[in-house]
Amino acid sequence: MQFGKLGWMLAGIVFVIAIGVPASVAQEPVRYDGYVVARVTIESEGQIKLLDQAGADLLSEGAGLGEVDYVLSPDALAAVEGFGLTYRVLIDDLQKRVEEERARLAAAPQVDVRDDDWFLDYKPHDQILAFLDAWVADYPEFVEKYQLGTSVEGKALFGLTIAGPNGPPTDARPALCFDSMLHAREWVGPMTLLYIMDRLLEEYGTDALSTRLLDEMTFYVAPYMNPDGYIHSWEVERLWRKNRRHNGGGVYGVDLNRNFATGWGGYGSSGDPESMTYRGPSAFSEPESAALRDYVLAHPNIEAHIDFHSYSQLVLRPWGYVYEDPPEPDASEMAMLGDGMAQEIFDTHGKTYWSQPSYQLYLAAGTCADWVYDGAGAFSWTVELRDTGEYGFLLPPEQILPTAEENYHAVRYLADYYSEALRIRLPAGAPAAIPANEPYALPVRIEARHAEIEPGTPRLYARVGDSGAFEVSPLTLVGDEFYEATLPPTACGQSLEYYFAADATDGRVFYHPYDPEAERYGSVAEPIVVVLDERMDADPGWPKQSQWQFGQPLGQGGSNGYPDPTSGFTGAHVYGYNLAGDYANGISERHLTTPALDCSNLVDVKLGFYRWLGVDDPSEDRAWVRVSDDGSDFFRIWRNSVAVTDSDWTYQEFDLSYEADGEPEFYVRWVMGSTSPGDSFCGWNIDDVRIWGTDVNGCPALLGDLNCDDQVNFDDIGPFVLALSGQAAYEAEHPGCDWMLADCNGDDQVDFDDVSPFVGLLTQ
Ligand code: 0X9
Ligand code: ZN
């Protein structure tokens with residue numbers, strides 16, 4: 001074959017590419033002499049521009065108003081002073097810090113990848129790759145390594161599939177995905193992610209949760225997404241952020257966390273190739289971000305994802321490209337899980353990571369986390385690791401392990417949540433207090449996510465006190481996924497411990513809390529007085545105005561929002577405005593009121609009820625809850641602040657201590673209206689109304705409880721005998737206890753006539 005014109009052209013292109021990528025030419029390290037890192041207080045958009053022109057380099061990658069971290073050259077520092085801006089120096093000699101780090105790393109002893117000390121300092125490129133290979137070698141049944149793509153400079157990008165050997169095929173399990181090192185200077189990211197997965201693997205077979213997580217889930221892990229940038233940060237420019245794309249004219253780098261498709265090109269990203277937040281010529285123009293996209297899309301079993309960055313100590317959730325929250329219920333669930341991760345982090349070493357929407361930090365368009373949520377439909381967070389700016393990207397090596405440990409706990413928490421094939425939860429939470437001496441109905445929800453529930457197996461384990469056997473009782477099915485547990489009657493002042501379980505049809509047993517040996521629910525029986533417990537099964541006959549009706553709702557209406565339900569939350573019946581169809585236009589206020597309730601001896605009065613409500617926004621139509629302590633003047637405790645369109649029964653609870661505590665005559669009223677001539681909705685449906693409070697006098701003293709432990713049992717025999725010998729002797733032994741509780745026959749004397757009633761109490 002002749003080496004024709006095309007051949008020469010190709011050869012030329014290859015040559016140009018080769019010299020355009022001076023990877024082999026050793027570059028002098030960039031120096032930061034006289035540079036400082038400073039936290040500048042920004043008061044206007046204009047100041048951001050001024051700083052930009054003065055060459056100030058952003059560290060918190062998106063300036064807004066408030067405190068923003070900058071790297072300032074001597075000139076930029078002079079400009080900041082010249083502009084009269086307020087600032088605080090975080091790092092006063094950047095060059096010294098960079099040199100110290102280089103010296104330390106150059107002198108660092110070689111640590112074997114299998115040595116726990118490996119995490120005591122940052123590791124260069126080849127060591128990170130060696131670490132991944134050690135996983136593959138050491139855990140052949142758990143770890144598979146794939147090449148996801150190739151970086152701009154030709155380095156392999158790796159993804160690892162990590163899953164335990166005893167479970168369904170990896171692509172049939174619920175999965176989590178983690179990545180790190182989109183940003184070159186954020187060295188603690190891959191250290192953290194490698195530590196997390198390494199610890200899970202090491203704990204397989206010894207730690208119950210790690211074992212279960214590995215066997216029931218798959219982890220897709222891409223810890224090292226920007227090797228080119230990382231090498232550049234190690235060898236040349238410590239604070240390098242982007243990848244190493246040659247943008248032309250000797251200008252390098254695309255910010256990979258601005259190169260994803262969601263909102264690409266928008267606010268908080270730059271079209272200037274010199275900028276640290278350069279978004280690239282198009283979404284996914286970079287092989288690194290495209291590889292991560294393809295990796296995530298190739299695994300539709302991924303349910304959630306974390307993109308690890310540093311620094312700022314934040315757990316950020318979408319959106320980041322607009323000042324908006326995602327639709328419900330996603331927004332609340334991501335908030336709940338983000339808060340939960342932050343709590344786990346705090347509980348580990350006491351570090352606060354704020355959990356918040358990304359947009360509250362600053363807008364950034366084209367980020368990885370926004371795309372994973374938007375483009376792959378998996379919940380996604382950006383976790384900003386330590387610290388909060390004291391050392392910033394030059395985080396001391398002593399902080400690697402603590403950072404990794406606290407995030408290991410966050411990841412375990414997240415994985416635990418997603419792994420549950422049957423997910424048992426308490427939609428109304430566990431009550432801190434339950435009424436003494438009576439059964440208590442507690443709603444329980446069991447979601448069948450990756451398994452089927454064996455009918456009849458959902459159950460409660462409960463015991464009084466903190467020792468002894470748990471009694472088992474079945475949960476009652478009350479609706480799709482919804483159950484009711486009956487907490488057993490518990491003596492006043494006693495605590496109840498409990499947990500839940502359900503079997504799957506494949507024989508697996510699921511507990512909630514996950515490990516009842518270590519963690520259980522607890523409620524204390526208090527002298528709670530229920531003044532109203534109306535299930536609406538029979539007509540309670542409450543005073544009502546026209547169109548309020550008692551009966552079975554008919555599932556009609558819904559010309560806007562949703563129609564009425566077709567039954568109550570429990571049972572068939574409700575109070576509704578009205579039972580058939582939407583409320584009328586142009587009505588004045590119409591109300592339904594409870595009878596007078598006696599709260600005179602109560603504190604901490606609460607109201608709880610289930611509602612199914614459809615009402616337009618309050619500029620048009622209104623729905624209210626009001627209360628009164630005389631039956632004539634009613635005060636608002638709730639009104640719709642937006643349009644409400646319930647598509648399910650919704651629990652509402654109000655603390656009425658201020659309004660109801662101590663009131664001998666107390667009323668609650670639901671009001672429909674007024675309504676405008678415009679759109680109408682299905683209106684109120686109300687079921688299962690409860691009002692309760694705590695007796696001001698506390699738990700009644702228990703006759704015969706002579707060791708005052710709020711129980712009458714054989715432990716009271718000794719103190720009872722002592723009580724018979726006289727008040728002084730008794731009180732000397734049992735200070736604070738009540739001698740008169742030995743007066744078991746109620747004749748105002750403690751004597752031998754009390755013996756037989758006392759024995760009666762013991763054997764009751
Ligand atoms: O700006 C980023 O890419 C991330 N911060 S970093 O300092 N690691 O560069 C945060 C992105 C979070 N998303 C938004 N703030 N919108
Ligand atoms: Zn980052």
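Indexing begins at 1, ligand by ligand and atom by atom, following the structure's order. What you see below is based on every heavy atom in this structure, not just the backbone, and it leaves out hydrogens, waters and symmetry mates.
Both cation-pi conditions hold for Arg244 and Trp240: the charged atom is under 6.0 angstrom from the six-membered ring centre and inside a 45 degree cone around its axis. At least one test fails for Arg185 against the ring of Trp234: distance under 6.0 Å to the centre or angle within 45° of the axis. A cation-pi arrangement is present between Arg423 and Tyr417 under the rule of less than 6.0 angstrom and at most 45 degrees off the ring axis. Figure legend: Arg279 and Trp264 shown as a cation-pi pair, the cationic atom lying under 6.0 angstrom from the six-membered ring centre and within 45 degrees of its axis.
Not less than 6.0 angstrom separates the ring centroid of Tyr359 from the ring centroid of Trp319. Taking the six-membered ring where the residue is Trp, the centroids of His232 and Tyr252 are separated by 6.0 Å or more. Between Trp118 and Phe131, the ring center distance clears the sub-6.0 Å criterion. Taking the six-membered ring for Trp and the full ring otherwise, Phe284 and Trp371 have centroids separated by under 6.0 Å.
Around the Zn ion (ligand 2), protein N, O or S atoms at less than 2.8 Å number 4.
Neither the backbone nor the side chain of Asp370 has a heavy atom within less than 4.0 Å of ligand 1.
Per-residue contacts place Glu186 under 4.0 angstrom from the following atoms of ligand 1 (heavy atoms of the residue considered): 6 (S), 8 (N), 9 (O). Atoms of ligand 1 lying under 4.0 Å from at least one heavy atom of Arg241, given by number and element, are 1 (O), 2 (C), 3 (O), 6 (S), 9 (O). The distance from ligand 1 to the heavy atoms of Gly320 drops below 4.0 Å at these ligand atoms: 16 (N). Below 4.0 Å from some heavy atom of Leu316 lie the following atoms of ligand 1, by number and element: 12 (C).
Any N or O atom pair closer than 3.5 Å counts here, and Tyr311 shares no such pair with ligand 1. An N or O contact shorter than 3.5 Å is missing between Tyr359 and ligand 1 by distance. For Leu361, no nitrogen or oxygen atom sits less than 3.5 Å from a nitrogen or oxygen atom of ligand 1, counting backbone and side chain alike.
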Go through Tyr373 and His305 one step at a time and tell me if the side-chain hydrogen bond (donor to acceptor under 3.5 Å, both in side chains) criterion holds. CA-CA 8 Å; Tyr373 174 59; His305 159 263; over 6 Å; no
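At a cut-off of 3.5 Å, with distance as the only test, no side-chain donor of Arg97 or Tyr32 sits close to an acceptor on the other residue. Between Ser355 and Asp339, the side chains place a donor N or O and an acceptor N or O closer than 3.5 Å (distance only, hydrogens not considered).
Distances shorter than 4.0 angstrom occur between a heavy atom of Ser310 and an atom of ligand 1. Residue contacts with ligand 1: Tyr362 is included, with a non-hydrogen atom under 4.0 Å away.
Residue nearest to atom 7 (O) of ligand 1, selected from His309, Arg317, Gln360, Glu384: Glu384 (by heavy-atom distance).
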